[in-house]
*Asks:* 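Dumping the structure here so I can ask a few things about it.
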Amino acid sequence: TLAMLSYFFRKIHSIPGKKISIPRPRVVIGIPSNVSEIEKRAVLDAAKGAGARSAYLVEEGLAAAIGAGLPVTEGVGSMVVDIGGGTCEIAVVSLGGVVVGRSIRIGGDAMDRDIINYIRTRYGLAIGERTAEDIKIALGSAYIGDVEKQMVVRGRDIEKGLPKTIKISSPIIREALAPSVNIIVSAVLETLEDAPPELAADIAQRGIVLCGGGAMLSGLAKLISKETKMPVSISGDPLLCVAMGTAYILENPELLKKVRLTTNN
């Protein structure tokens, strides 16, 4: 993490043909809502070790809600579901804070593993993460669509160790993804159950917003809408919601004071 942040700091501050001093940026980092004090400290230490002048932590769900354009500082309830690579952040936000939040370790990476394991078990075919990602993008869905697609997949026959080709379809991959998708839907329902009645009523009227790469899984919004009986939409730029939210927080000192997380030294 330290090496990655150091690289980004240098890249952001580099100006072609001009020498600059060592970058010392102010940094806002989005973190899952259930991280421990030790993990918070580790993230801050990595940022400062990479050269940050100052570093602040905010809950990823709140940053996603801000990046999605939800009125997080108003006295109404908004709900965001941010499905990233490693985690899914579910948050009910109001008055600049997370009222109810959940973080589950299910995201795009888990979905890729679901596909790898399913194809290995059902077809005796070993495929890599890159192939699983391609399959997820091409055929992945959470709900029955109007058109079911097919594609050819190449991998290694587990028994013979030789190259093997199979043809798979959308229903097969929907079945493979069902365990992870069902966990996400259940977590959304549980978060709604824990929300105060007034905020739940606001969400029922305003709807749930999905963001993150996992939000782009075909039919997921439709499935969550069916299960929650609420309108569900995908944010305008789901891949950048958290980044845009943290940038907005960084540019607004008063908001930063309100939403930053404190750590116990």
*Asks:* Within the 4.5 Å heavy-atom criterion, are Met79 and Val209 side-chain neighbours or not?
*Replies:*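 No, too far: nothing below the 4.5 Å cut-off.
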
*Asks:* Mind jotting down which residue pairs meet the side chain to side chain donor-acceptor pair (under 3.5 Å) criterion with at least one end in residues 61-87? Sequence neighbours excluded, please.
*Replies:*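 Sorted result for residues 61-87: Thr87-Glu89.
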
*Asks:* Rounded to the nearest 0.5 Å, what's the gap from CD1 on Ile184 to CD1 on Ile224? Could you check?
*Replies:* 7.0 Å

*Asks:* Going by an N to O cut-off under 4.0 Å, is there a salt bridge joining Glu254 and Lys257?
*Replies:*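 A salt bridge links Glu254 with Lys257.
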
*Asks:* Can you tell me if CZ on Arg53 sees more than 12 non-hydrogen neighbours from other groups inside 6.0 Å?
*Replies:* yes

*Asks:* Within the supplied structure, the quantity of interest is the number of heavy atoms (other residues, nucleotides, ligands) at a distance under 6.0 Å from Met216 CE; does it exceed 12?
*Replies:* no

*Asks:* Determine whether more than 12 heavy atoms belonging to other residues, nucleotides or ligands lie under 6.0 Å from atom OH of Tyr123.
*Replies:* yes

*Asks:* Taking side chain as C-beta onward, heavy atoms only, is Ile29 less than 4.5 Å from Val58?
*Replies:* no

*Asks:* Do you know which of Ile135, Thr131, Asp114, Ile172 makes side-chain contact (heavy atoms from CB on, under 4.5 Å) with Ile119?
*Replies:*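 Of the listed options, the one satisfying the test is Ile135.
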
*Asks:* Do other residues, nucleotides or ligands put more than 12 heavy atoms under 6.0 Å from Arg122 CZ?
*Replies:* yes

*Asks:* Could you tell me whether the side chain of Ser180 and the main chain of Leu177 form a donor-acceptor pair under 3.5 Å?
*Replies:* no

*Asks:* Are any side-chain N or O atoms of Glu251 and backbone N or O atoms of Tyr248, one a donor and one an acceptor, separated by less than 3.5 Å?
*Replies:* no

*Asks:* Could you tell me whether a side-chain N or O of Asp157 sits under 3.5 Å from a main-chain N or O of Lys160, the two making a donor and an acceptor?
*Replies:* yes

*Asks:* Check whether more than 12 heavy atoms from other residues, nucleotides or ligands sit under 6.0 Å from atom NZ of Lys149, and answer yes or no.
*Replies:*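 Result for NZ/Lys149: open.
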
*Asks:* Run the salt-bridge test on Arg102 and Asp194 with the 4.0 Å N-O cut-off and return the result as yes or no.
*Replies:* yes

*Asks:* Among Val188, Ile104, Ile183, find the one that has a side-chain contact (heavy atoms from CB on, under 4.5 Å) with Cys88.
*Replies:* Ile104

*Asks:* Under the 3.5 angstrom rule, does the side chain of Ser225 hit a backbone N or O of Ala221 as a donor-acceptor pair?
*Replies:*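 Absent.
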
*Asks:* Answer yes or no: are there more than 12 heavy-atom neighbours, outside Glu129 itself, under 6.0 Å from its atom CD?
*Replies:* no

*Asks:* CD of Glu190: more than 12 outside heavy atoms within 6.0 angstrom?
*Replies:*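 Buried by this count: over 12 neighbours within 6.0 Å.
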
*Asks:* More than 12 non-hydrogen atoms from neighbouring residues, nucleotides or ligands closer than 6.0 Å to CD1 on Ile144, yes or no?
*Replies:* no

*Asks:* Does the pair Glu227/Lys222 count as a salt bridge with the N-to-O cut at 4.0 Å?
*Replies:*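 No, this pair does not count.
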
